[in-house]
Amino acid sequence: MRVAIVTFPGSNCDYDCYKAFRDVMGVDAGFVWHEERSLDDPDAVILPGGFSYGDHLRAGAIARFSPVMDSVAEFAEKGGLVLGVCNGFQILCEAGLLPGALVRNDSRQFRGETVRVRVENDASPFTSEYRRGQILRFPIAHGEGSYVADDPTLDGLEASDRVAFRYVDADGRATAEANPNGSARNIAGILNERGNVLGLMPHPERAVEELLGSTDGLGLLRSLVGSLAEAAP
């Protein structure tokens with residue numbers, strides 16, 4: 001089992017993902033430079049957080065044109081699991097692999113803190129180790145994390161159970177105060193129609209050891225690895 005971690009100029013969470021998968025999960029992980037045109041047949045693809053191309057123009061707007069993105073799209077089209085975290089989520093939306101967009105936080109401030117999210121879908125390849133309604137603690141670090149989409153798109157996401165995570169308070173309520181960036185309907189992460197592409201703004205790879213303050217990200221990694229193991233011939 002091998003996980004490919006795509007690195008763009010300005011990625012800064014690629015090693016966090018690498019260590020989470022290799023050291024914590026015991027999974028073979030390797031980097032793929034954004035100029036590559038092949039992913040070298042991985043079992044899953046990770047687009048990590050960071051500031052690709054310095055967030056020039058708009059976060060993820062340039063990275064979507066990197067040569068490797070054609071291979072990422074092809075991999076997703078074939079049903080491969082693709083996880084985009086923070087900047088990776090922004091790139092997936094810019095590339096059209098996920099609907100909507102990520103814009104500047106409504107506060108116009110960079111937010112770096114620990115937030116709570118509620119598991120809204122526990123049946124995806126990325127969330128099967130959680131239970132619906134479970135409240136998790138994940139760190140965030142972004143200035144453009146406000147998820148936006150038109151109402152038909154948002155309604156479609158809700159109706160098809162594709163909202164994976166939602167920002168909530170300690171009591172599990174999706175309040176404005178619990179929403180760190182002004183995301184529509186407190187959305188923190190979404191799935192594509194097929195369920196094999198997940199994008200989320202919080203960082204599960206930074207919540208995999210007690211030393212980091214939370215191990216709530218382990219469920220996502222275990223879900224992904226477990227899904228790959230079940231699919232293996």
Side-chain angles (χ1 to χ4, degrees), residues 47 49 52 55 57-65 69 72-73 76-77 79 81-111 113 115-128 130-136 138 140-204 220 223:
L47 302 188
S52 58
D55 282 352
L57 298 180
R58 185 176 61 249
I62 298 178
R64 63 164 291 196
F65 294 107
M69 288 306 297
V72 173
E77 179 64 26
L81 300 185
V82 178
L83 170 65
V85 177
C86 196
N87 190 221
F89 185 15
Q90 296 160 343
I91 295 169
L92 289 173
C93 288
E94 292 290 335
L97 294 178
L98 289 171
L102 284 307
V103 300
R104 291 188 67 185
N105 299 344
D106 60 350
S107 64
R108 298 295 187 266
Q109 295 177 331
F110 185 93
R111 300 290 296 268
E113 59 196 72
V115 301
R116 292 181 176 85
V117 298
R118 187 176 66 209
V119 178
E120 303 290 82
N121 179 324
D122 61 356
S124 82
F126 307 93
T127 58
S128 59
Y130 297 124
R131 67 180 185 281
R132 187 182 293 267
Q134 185 175 352
I135 299 174
L136 311 173
F138 284 157
I140 60 167
H142 59 248
E144 296 182 44
S146 180
Y147 181 74
V148 296
D150 57 27
D151 284 337
T153 298
L154 294 171
D155 291 342
L157 288 170
E158 303 275 11
S160 56
D161 207 18
R162 291 163 55 200
V163 176
F165 300 102
R166 203 183 307 269
Y167 299 110
V168 296
D169 64 15
D171 296 321
R173 299 173 301 179
T175 63
E177 291 74 19
N179 190 345
N181 47 39
S183 285
R185 305 185 187 184
N186 284 49
I187 289 174
I190 60 171
L191 294 153
N192 68 340
E193 289 186 5
R194 193 170 180 175
N196 63 309
V197 178
L198 169 68
L200 74 166
M201 288 309 298
H203 288 266
L220 193 151
S223 298

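Computed from a predicted model, the values in this text were never measured in an experiment.
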Would you compute the distance between atom CG of Leu157 and atom CG of Leu191 and round it to the nearest 0.5 angstrom? 9.0 Å
Leu200 and Phe126: CA distance, side-chain angles, deciding distance, side-chain contact (heavy atoms from CB on, under 4.5 Å) verdict: CA-CA 11 Å; Leu200 74 166; Phe126 307 93; over 6 Å; no
With sequence neighbours excluded, tell me which residues meet side-chain hydrogen bond (donor to acceptor under 3.5 Å, both in side chains) with Thr153. Asp150
Minimum heavy-atom separation for Pro99 and Ile190, please, with both atom names. O-CD1, 3.6 Å
Provide the closest heavy-atom pair for Gly100 versus Ala149 in the form atom of the first, atom of the second, distance. CA-CB, 4.0 Å
Listed partners of Arg166 passing salt bridge (charged side-chain N to carboxylate O under 4.0 Å, His left out), at least two apart: Glu120, Glu158
Exercise: do Asn87 and Ser52 side chains pair donor with acceptor under 3.5 Å: yes
Close side-chain approach of Asn196 and Pro125, heavy atoms under 4.5 Å: no
Is a donor on one side and an acceptor on the other found under 3.5 Å between the side chain of Arg111 and the backbone of His142? no
Taking side chain as C-beta onward, heavy atoms only, is Val197 less than 4.5 Å from Leu83? no
Side chain proximity check, Val168 to Asn186, heavy atoms < 4.5 angstrom: no
Full working for salt bridge (Lys or Arg N to Asp or Glu O under 4.0 Å) between Asp55 and Arg104: CA-CA 11 Å; Asp55 282 352; Arg104 291 188 67 185; over 6 Å; no
Exercise: do Tyr167 and Asn181 side chains pair donor with acceptor under 3.5 Å: yes
Check whether any side-chain heavy atom of Thr127 lies under 4.5 Å from a side-chain heavy atom of Arg132, and answer yes or no. no
Given Leu198 and Leu220, is the side-chain contact (heavy atoms from CB on, under 4.5 Å) satisfied, shown in steps? CA-CA 11 Å; Leu198 169 68; Leu220 193 151; 3.9 Å; yes
CZ (Arg131) with more than 12 external heavy atoms under 6.0 Å: no
Shortest non-hydrogen contact from Ala178 toward Pro180: O-CD, 3.3 Å
Applying side-chain contact (heavy atoms from CB on, under 4.5 Å) to Leu102 and Ser146, what does each step give before you reach the verdict? CA-CA 5 Å; Leu102 284 307; Ser146 180; 6.0 Å; no
In Å, rounded to the nearest 0.5 Å, how long is the span from CZ of Arg64 to CZ of Arg58? 8.5 Å
Any heavy-atom pair between the side chains of Leu136 and Phe165 that's under 4.5 Å? yes
Check the angle between the aromatic planes of Phe89 and Tyr147 and answer parallel, tilted or perpendicular using the 30° and 60° thresholds. parallel
Is the closest basic N to carboxylate O distance between Arg118 and Asp169 below 4.0 Å? no
Looking only at non-hydrogen atoms, find the nearest pair between Arg162 and Ser160 and report the distance. CD-OG, 2.8 Å
Side chains of Val117 and Pro202: closer than 4.5 Å at any heavy-atom pair? yes
For Ala76 versus Arg194, what's the shortest heavy-atom pair and its separation? O-NH1, 4.1 Å
I'd like to check Asp151 versus Arg185 (side-chain heavy atoms, cut-off strictly below 4.5 Å). Are they in contact? yes
Looking at side-chain heavy atoms only, is the closest gap between Leu47 and Met69 below 4.5 Å? yes
Going through the distances and angles, do Asn105 and Glu144 end up as a side-chain contact (heavy atoms from CB on, under 4.5 Å)? CA-CA 5 Å; Asn105 299 344; Glu144 296 182 44; 5.5 Å; no
Could you pull out the closest heavy-atom pair between Ala101 and Cys93, with the gap in Å? CA-CB, 4.2 Å
Are any of the side-chain nitrogens in Arg116 or Asp171 under 4.0 Å away from the carboxylate oxygens of its partner? no
